[in-house]
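Below: the structure, in structure tokens.
Convention: sequence-line order gives letters A, B, ...; per-chain numbering from 1.
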There are 2 protein chains.
Amino acid sequence: MDAPLDLPQLRTFYTLAQVGSFTACARRLGRTQSAVSHAMTKLEDLVGVPLLDRRNRGLRLTEEGRRLYQACEQAFATLDAAAEDLQRHQTQARGRLRVGATVEFGSSILMRHMQPFLAANPDLEIDFTLSHDLLGPLLRDDLDLAIDCVEHALPALKKVPLFRETYVVACTPAFRRAHRLRVPADLSGCPVLSLDKAGAWWNRFLMAVPDRQQPHLDRFIAVNHIRAMIHAAVEGMGALLVPRYSVLEELERGDLVALFPAIRPTEDRFSIYQKKVKAGQEKQKLLTRYLQSLSPAEFGS
Amino acid sequence: MDAPLDLPQLRTFYTLAQVGSFTACARRLGRTQSAVSHAMTKLEDLVGVPLLDRRNRGLRLTEEGRRLYQACEQAFATLDAAAEDLQRHQTQARGRLRVGATVEFGSSILMRHMQPFLAANPDLEIDFTLSHDLLGPLLRDDLDLAIDCVEHALPALKKVPLFRETYVVACTPAFRRAHRLRVPADLSGCPVLSLDKAGAWWNRFLMAVPDRQQPHLDRFIAVNHIRAMIHAAVEGMGALLVPRYSVLEELERGDLVALFPAIRPTEDRFSIYQKKVKAGQEKQKLLTRYLQSLSPAEFGS
DNA sequence: CATATCTATGAATCATATTCATGTCTCATG
DNA sequence: CATGAGACATGAATATGATTCATAGATATG
């Protein structure tokens, strides 16, 4: 007779108990409310006892729920401690790691998250190469890994998915007032800045926008440098179409405001690519693990 | 930064550490050696440190492995205690539960496992109905649930899979000697007992036998009562084709020996069927959970 | 050295967790 | 009271990831 009770559901239950709301828990874990609901149904079903007291305003734990929560607290504490312990005993990498990334990604969000990794690996030298031609160098062994969002995975490459991009159209609050833009915005007559070669971005953005909100675009202003473009937008030159991660700071500070609510992530994922080889990708693995440990929210999606 | 480290893999790692062999661990958990291997690769990959010291004869844990093992020990103890605790606080069922099952299943293995359930629910009356027409009574609400292996699930029925049948062809050791049967056996000239209407069993058996071992069947003796048939076989009347669960005891005692090695389970599963209704299947759920908590090995597959 | 007993590995398959698209219920508001 | 917003539930479709299958390699054993 075996009654497992491992299940990922327990982690969900644990956070749910902490935050006290399905919706909030879902956000915290980077999944949908539906997922949390399903998971809890299943868990309660499995243990055969109601764990949650769903009330209209907020939810409580039942007596049993509380006991289970305490068990989780303890158990997860031990496990997480062990995990951290293992982290520390991880063979520190030495030598050189050549990382490639797209310009947009590498010049913004990536750098914001590299510090802890660098601190943890003082003996590791890292070269960053920001470019839009990553596949070539990667295949030629001029790079150890590349972070990108290419579509067709080559059979020679290993792909480790990281997160899905979310696009935003945003502008300064002043610009929004001046152009009387609603949310969601109809962009008629409103200049929109984007990368010159990035009609693709516009298409992918449209795909992620709900049918009801599809905007009309009249004026499209091309800029070929992303920081310059963001600058221009912050100066009030127009609205801006960019991956969300590249303007996270501006959004947080309120320098820019989004003109569409709740845009979903795109299909394709930002992934880490590396050549398939038999052994010895220790440094690569280290970075991969680190980046994977970051939640989608930290990448702005 | 979140480094989960929940994962079913940990349970696998834990048992692996206890039994000290991939193969044995797999058997214990009722899965294949391959699964265990994959799981451990993934786990080591995830924590970034080797946990196992694979040596030629037997395997040891590395230093890190040992620490992780201890953490698991603690954590799982807590969780399992909590699980047991919840078990006890499960609302005991009262009233009557009408259980249907096939004659073969109900008259053998099922009864061997019901005792603990009955003990845990002293206020529950259970009616067992052993029959081959279970669907009718179930739909007519003459049964609360049915344990069977029907093929086409009706949309009105909920199906909870329990285990997959394994068939065996077996005979007494004496019979085997007398007929000079090898393993795997070529059954030419050897009388094989089976249920009268159960040509279906033979077909399903053949499907599960590897091509190399396909036997030739000459004489087929029909009996319409399974216990009588088993009796006949034990008396040396012939070989016997039956679901493995129905002769578990005889095989364990050595009264019967299997004539084919390592027959795989069939496609279809024995499942619990019940009518789909909105609420209040508490008693059904209780039994379902209990039966599900039994491992496949306990059903002889 | 042939055989038996392990573990590893890649591709195919299957199970399950998650999403999507809804539905229901409750509460607050004009 | 309608009406809408917010929170959870639910069924079908889908994506993710765990497991098997079919092998191969490696090491001991008679």
Task: hbond_proxy B:H38 side chain to D:dG17 base (donor-acceptor, 3.5 Å cutoff) - done: no
- [ ] Mind calculating the distance between NZ (A:K159) and P (D:dA15) to the nearest angstrom?
- [x] 13 Å
Task: Side-chain heavy atoms of A:M40 within contact of A:L16, under 4.5 Å - done: yes
- [ ] Please confirm whether the backbone N or O of B:K159 pairs with a side-chain atom of B:S271, one donor and one acceptor, at under 3.5 Å?
- [x] no
TODO: Could you tell me whether the side chain of A:Q33 has a donor or acceptor atom within less than 3.5 Å of a complementary atom in the base of D:dA9?
DONE: yes
Open item on the list: It should be established whether B:R54 places a side-chain nitrogen or oxygen under 4.0 Å from OP1 or OP2 of nucleotide C:dT7.
Closed with: no
TODO: For A:S21, answer base if it contacts any base atom (sugar-phosphate contacts may also be present), sugar-phosphate if it contacts only those atoms, and nothing otherwise; contact means non-hydrogen atoms under 4.0 Å.
DONE: sugar-phosphate
TODO: For A:D45 and C:dT16, give me the distance from atom CG to atom C1', rounded to whole Å.
DONE: 15 Å
- [ ] Take atom CG of B:L59 and atom C1' of D:dA26, then tell me their distance rounded to the nearest Å.
- [x] 15 Å
- [ ] Measure the shortest side-chain to side-chain distance between B:V19 and B:R27 over non-hydrogen atoms and say whether it is less than 4.5 angstrom.
- [x] no
Task: Distance (rounded to the nearest 0.5 Å) between A:E73 CD and A:Y14 OH - done: 4.5 Å
Task: A:T32 vs C:dT19: side-chain N/O to OP1/OP2 distance below 4.0 Å - done: yes
- [ ] Report the distance from atom CG of A:L10 to atom P of C:dA17, rounded to the nearest whole Å.
- [x] 12 Å
TODO: Answer yes or no: is there a side-chain heavy-atom contact under 4.5 Å between A:L10 and B:L79?
DONE: yes
Open item on the list: Just N and O in the side chain of B:K42: are any of them under 4.0 Å from OP1 or OP2 of D:dA18?
Closed with: yes
Task: Distance in angstrom units between A:R28 CZ and D:dA7 P, rounded - done: 16 Å
Open item on the list: Between the base of D:dC8 and the side chain of A:S37, is there a donor and acceptor pair under 3.5 angstrom?
Closed with: no
Task: Interatomic distance where CZ belongs to A:R27 and P belongs to C:dT18 [whole Å] - done: 18 Å
Task: Separation of atom CZ in A:R55 from atom P in D:dA9, rounded to whole Å - done: 15 Å
Open item on the list: Measure CG/B:L43 against P/C:dT7 and give the value in whole Å, please.
Closed with: 16 Å
Open item on the list: Suppose we call a contact any N or O donor and acceptor under 3.5 Å apart; does that hold for the side chain of B:T23 and the base of C:dC6?
Closed with: no
